Amino acid sequence: MRTTRTVPARPVLIVTLTLATAGSLLLGPDAAGADPKPVTREGAAVDDRAAQAPASAARRALAAPEETSTGTATRGYPRRQVLSPGPENPGDKSLKLGLTPYHAIAPKLNALQRLGDRVSVEVAGRSAGGHRLYLVTVTAPETTRQARAQERMRELIENAPAAAAKSPEIKRAYKTPVFVNSNIHGNEWEGTDASLKLVERLATAKDARTRDLLAHSRLYFNIAANPDGRIAGTRANANGFDLNRDFVTASQPETRAMRQIELGKQPAVLLDLHGYVNGTLIEPTTPPHGENYEYDLFLKNSYANALGMESAVNALGYTPARDGVEPAQIPFRDQEEGWDDWPPIFTPQYAAFHGTVAAHTVEIPLAVNNEEYDELPVAELRRRSAVNTAVAGAAIRATLDHVREHRTSLIADQIEVFRRGAAGSPQVPVSPETVPGVPGIGPEDVYTTDFPRAYVIPPGGSRTQRSAPAAARLVDHLLANDVRVTRATRPFRLAGRTYPGGSYVVDMHQPKRGMANALLADGRDISGKVSVMYDISGWSLGRLWGATVEQVPSGSLRGAHLRPVTEAAPVARVPAHGDLRLRLTDPREIAALNSLLQQGVRARQAPDGSVIVPASARREAVTAARAHDVSFTATRLTGGTPLHRLRVAAAVTPGELFALREMNFDVTPVSTAVLNSGFDWSGTDVLFVSAGLDHAALTAPARRALDAFLDDHGLIGRGTRGAALNAAADRLAVKPVEGNTDANGVVRTENTGRVTHDAPAHAFVYAPLWFTDLGPGVRVEQSYATGNPLVSGHWRPLRDGTGGPAAAAGQASVVSGGRTVLFGTEPLFRDHPKGEFPQVARALFTVAHSGSVEESG
């Protein structure tokens with residue numbers, strides 16, 4: 001808890017917060033936590049509603065990215081593009097608020113481009129629902145030669161920061177990049193309208209301040225980051241994903257488009273415009289602070305800009321009595337905890353690893369979504385939206401003023417971020433001395449880490465290593481995040497250990513070492529640091545993505561024959577003779593198998609869980625290997641269980657539905673409502689339940705139909721909903737025990753069954769569950785490790801001492817029997833823990849293809 005504030009902190013439990021999700025404000029004690037929560041933002045992270053996303057949206061998100069106009073060669077500004085208008089949509093939810101509907105944005109941008117030579121529009125990509133993502137650039141005109149000079153300086157800043165720090169050209173001529181991101185949550189609309197208004201003003205303003213700003217800055221506006229949600233009035237995109245939780249995984253096309261803007265434009269300053277918190281909330285945040293970025297530089301610049309935004313918002317003159325608008329607040333100064341910047345899943349925190357030294361979530365004040373949207377009069381909604389648009393506009397204008405006045409120091413600090421990484425310099429802990437002018441800095445704000453000398457990712461494919469597809473996927477993901485990766489052309493020794501040729505090496509002396517470490521490191525158990533966290537607290541790709549990742553604390557890379565790579569080496573391989581074996585240890589292998597089954601290939605599941613493909617299907621195997629980048633090996637194994645294409649009914653979260661489709665399963669989303677409407681079970685082989693299906697809420701006919709199906713088919717259950725259906729249907733004799741529902745992170749596990757064969761020794765949990773009092777025929781597939789199973793994250797006991805990691809230690813986390821498998825972990829959470837996906841796939845195949853799983857192993 002904070003104890004060293006020089007400015008009195010507001011009592012957090014008294015601060016009035018109008019949040020985005022009904023029922024998310026907890027002003028009383030929280031029975032699920034060790035301490036009262038000071039603030040809970042935007043509802044629970046674990047969605048208990050069944051996903052209904054269309055398969056077309058998943059296909060679009062999983063497809064290769066299309067070429068966009070932002071990927072063209074460097075050229076000058078303006079870069080005009082005439083946008084074809086879309087059809088008018090009278091159902092666009094923004095219309096009710098008096099805001100700009102999505103279909104009106106393209107005509108508006110065309111008009112803005114015609115106002116002069118300062119505004120350029122490009123298409124940065126398409127959403128999961130197929131809508132265009134518009135990137136608007138506002139700057140003084142540049143010739144192609146001048147634009148190339150800007151690009152050369154941008155590259156120098158990242159790739160040769162020591163030289164960039166001494167460059168008089170950069171100090172004199174480099175244009176400070178600023179990124180304004182709007183509407184990432186679809187039902188938080190007004191940032192889009194504020195941006196459009198400001199772009200219009202900047203396009204024609206003649207005053208000296210505007211001319212000076214545009215001569216020395218490039219302003220980038222992602223006008224509507226989530227058009228699917230803007231149109232539908234939903235927080236999520238068409239796949240049901242909260243895009244502001246997706247930056248570590250980058251599963252969605254909108255997230256990848258934003259990532260590319262950050263990588264390509266390298267903003268020094270970023271605003272991410274949200275709603276709704278009253279008074280307006282302006283980051284920087286409360287502890288814990290991301291341990292992998294240069295927090296002294298981040299805090300210095302973010303706090304200074306926050307003060308300017310606070311002043312500008314308050315200067316609008318809105319009052320609580322007249323307008324219902326509270327004064328703006330800065331969490332770092334005004335709150336003790338509850339609004340952290342720990343995980344890089346949020347836009348501003350992710351941007352910090354790419355050189356953004358002032359980055360902010362800005363939560364505008366007056367709620368107009370959810371129940372307010374449905375219940376308030378239109379006149380009141382439009383009044384609130386006008387206030388919110390003005391507040392967002394004030395925040396943007398104040399930021400541009402700050403950039404104009406401090407551009408030299410902002411770029412100098414961005415250069416310093418990259419210089420420290422490239423040189424392997426130690427981080428600078430925050431203190432009143434290192435960050436003067438920021439009130440209340442104390443030991444609770446100090447979060448640093450010891451960067452290793454390197455990470456080594458063996459290529460995979462042997463008995464002692466994880467899968468080759470996992471290694472390739474991880475390398476490609478690192479590269480997509482602008483992490484530099486090399487590959488050894490021959491065996492090498494590092495820190496007393498020999499690594500095989502073909503191993504990938506991440507040298508941590510690189511400009512974006514913070515990004516590399518945030519993705520690959522184990523993370524930290526921060527349970528004792530704060531009483532509450534906003535969202536996930538552990539996310540390690542090194543532990544959860546299925547590849548072997550070796551952390552090398554020290555040593556020299558001299559003498560290692562390492563070559564930079566731009567993509568992972570292909571894994572695809574099919575032997576020329578004999579039957580073929582495909583391991584099922586990676587989602588790509590599952591997808592390849594499902595593609596073969598879809599074509600009618602007669603595959604069989606071997607006793608070890610791998611798949612045998614007959615030599616007669618070699619041509620199909622070659623196509624699958626290339627399409628999914630997987631490797632088949634020759635085998636003499638015979639027998640095994642014949643497999644067929646599964647038809648899965650799934651009452652699951654959006655992330656789980658997407659992950660099932662990523663593995664190429666044939667999935668039909670269901671829910672309580674779908675079953676009550678008369679669902680036809682005849683086309684289903686197995687049911688997967690984790691959300692949105694309540695046995696007690698079913699009508700009598702729907703309950704009878706479900707029970708009849710379960711009598712003859714398999715059930716996969718995850719979490720409390722899955723366990724509840726298991727109990728209601730009288731399947732497995734187990735007692736589910738709920739841990740702290742706020743707990744989440746990376747845990748150590750012990751795998752003992754066929755479902756978890758070859759699985760990583762780590763899992764992800766959110767609201768962890770375990771199983772006790774196991775009845776006859778129940779098999780333990782996986783257990784939480786003994787001792788403290790939590791590797792990284794936040795998992796505290798409840799107030800009565802139960803529900804913590806000590807209570808879960810050694811208990812069953814995955815159980816099976818009687819054509820049923822129950823998971824207490826989160827193996828498909830937000831499409832993230834890729835190494836765990838095969839556990840679900842194996843469970844689906846096992847329960848659907850056998851009368852029982854109790855003898856598996």
Side-chain angles (χ1 to χ4, degrees), residues 153-167 170 174 177 247-248 259 262-270 289-302 341 344 348-359 409-430 434-435 446-457 475 477-486 504-521 523-524 540-542 549 551-558 562 564-565:
M153 287 185 279
R154 187 200 68 78
E155 291 179 351
L156 189 71
I157 286 171
E158 178 185 347
N159 299 326
K166 301 175 182 178
S167 169
I170 288 176
Y174 185 59
F247 279 94
V248 165
R259 178 179 69 186
E262 293 186 17
L263 269 59
K265 310 306 182 184
Q266 203 166 286
V269 178
L270 178 145
H289 309 296
E291 63 182 350
N292 288 294
Y293 50 76
E294 308 303 321
Y295 189 62
D296 62 314
L297 303 175
F298 186 88
L299 179 59
K300 164 194 166 184
N301 292 288
S302 294
D341 57 14
Q349 281 62 57
Y350 178 80
F353 297 117
H354 298 294
T356 303
V357 293
S409 61
L410 287 166
I411 294 303
D413 286 344
Q414 183 180 76
I415 292 170
E416 176 62 8
V417 169
F418 295 142
R419 187 206 66 78
R420 290 180 188 177
S425 300
Q427 295 169 300
V428 177
V430 295
T434 59
V435 193
V446 178
Y447 286 85
T448 58
T449 192
D450 294 322
F451 294 105
R453 181 62 186 87
Y455 287 95
V456 179
I457 305 171
V475 167
H477 191 70
L478 291 170
L479 294 167
N481 283 278
D482 207 22
V483 174
R484 299 177 182 180
V485 183
T486 60
Y504 297 99
V505 179
V506 179
D507 182 351
M508 290 297 286
H509 288 184
Q510 62 171 292
K512 296 186 178 179
R513 66 173 178 184
M515 184 81 266
N517 211 52
L519 294 176
L520 295 175
R524 186 192 299 191
S540 171
L541 275 60
V549 178
Q551 185 181 100
V552 185
S554 60
S556 173
L557 293 172
R558 285 183 187 172
L562 304 175
V565 298

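As the structure is a prediction and not an experimental result, all values here were calculated from the model.
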Margin query: Please evaluate residues H289 and Y447 with respect to the criterion side chain to side chain donor-acceptor pair (under 3.5 Å), reporting the C-alpha separation (whole Å), side-chain torsions for both, the decisive distance (0.1 Å), and the verdict.
Written below: CA-CA 6 Å; H289 309 296; Y447 286 85; over 6 Å; no
Checklist line | Criterion side-chain contact (heavy atoms from CB on, under 4.5 Å) on N517 and M508, from CA distance to verdict | finding: CA-CA 8 Å; N517 211 52; M508 290 297 286; 3.7 Å; yes
Notebook entry, point to check: Given R513 and D507, is the salt bridge (charged side-chain N to carboxylate O under 4.0 Å, His left out) satisfied, shown in steps?
Noted result: CA-CA 8 Å; R513 66 173 178 184; D507 182 351; over 6 Å; no
Next item on the list: Decide side-chain contact (heavy atoms from CB on, under 4.5 Å) for V565 and T486; before the verdict, give the C-alpha distance in whole Å, the side-chain angles of both, and the deciding distance to 0.1 Å.
Entry: CA-CA 5 Å; V565 298; T486 60; over 6 Å; no
Item checked: Residues V269, V357; criterion side-chain contact (heavy atoms from CB on, under 4.5 Å); working and verdict -> CA-CA 6 Å; V269 178; V357 293; 5.6 Å; no
Margin query: Test side chain to side chain donor-acceptor pair (under 3.5 Å) on R484 and Q510; report intermediate values, then the result.
Written below: CA-CA 7 Å; R484 299 177 182 180; Q510 62 171 292; 4.9 Å; no
Next item on the list: Please step through side-chain contact (heavy atoms from CB on, under 4.5 Å) for the pair L297 and R420, ending with a clear verdict.
Entry: CA-CA 11 Å; L297 303 175; R420 290 180 188 177; 3.9 Å; yes
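Expressed to the nearest 0.5 Å, how far CZ of R419 lies from OG of S425 amounts to 4.0 Å. Here the straight-line distance linking atom NE2 of H477 with atom CG of L519 works out to 5.5 Å at 0.5 Å rounding. To the nearest 0.5 angstrom, Y350 atom OH is 3.5 Å from N481 atom CG. Atoms CD and CZ, from Q551 and F451 in turn, are 11.0 Å apart once rounded to the nearest 0.5 Å. Y455 OH to L478 CG: the interatomic distance, rounded to the nearest 0.5 Å, is 10.5 Å. Distance CG/D413 to CG/D296: 8.0 Å, rounded to 0.5 Å.
With E294 contributing its side chain and E416 its backbone, the two residues share no donor-acceptor pair below 3.5 Å. Remark: the backbone N or O of I170 is paired with a side-chain donor or acceptor of S167 at under 3.5 angstrom. Although no hydrogens or angles enter the test, the distance criterion places no donor-acceptor pair under 3.5 Å between the side chain of T356 and the main chain of A358. Side-chain atoms of S540 come within 3.5 Å of backbone atoms of G542 as a donor-acceptor pair (strictly under, hydrogens ignored). Side chain of D341 to main chain of G290: a donor-acceptor pair is present (N/O by atom type, distance under 3.5 Å, no hydrogens or angles). T434 places a side-chain N or O within donor-acceptor distance of the main-chain N or O of P429, the cut-off being under 3.5 Å.
When every heavy atom of A268 is checked against every heavy atom of I411, the shortest pair comes out as CB-CD1, 4.1 Å. Summarising the geometry of T448 relative to Q427, their closest heavy-atom pair is CB-OE1, 3.2 Å, with the distance given to 0.1 Å. Heavy atoms only, all atoms of each residue included: Y174 and I157 are closest at CE2-CD1, 3.4 Å. When every heavy atom of V248 is checked against every heavy atom of P344, the shortest pair comes out as CG2-CG, 3.7 Å. Residue P267 comes nearest to E262 through the heavy atom pair CD-O, 3.5 Å, listed as atom of the first residue, atom of the second, then distance. Between L270 and A351 the shortest heavy-atom distance is CD1-CB, 3.9 Å.
Ring centroids of F353 and Y293 are separated by less than 6.0 Å, placing the two rings close together.
The closest side-chain heavy-atom distance from V483 to P511 is not below 4.5 Å. Contact of the V456 side chain with the V549 side chain is not registered, since no non-hydrogen atoms from C-beta on lie closer than 4.5 Å.
Checked against H354 for a side-chain hydrogen bond (donor to acceptor under 3.5 Å, both in side chains), the options Q414, K265, K512 give a single hit: K512.
For N159, the CG atom is densely surrounded, since the number of other residues' heavy atoms within 6.0 Å is greater than 12.
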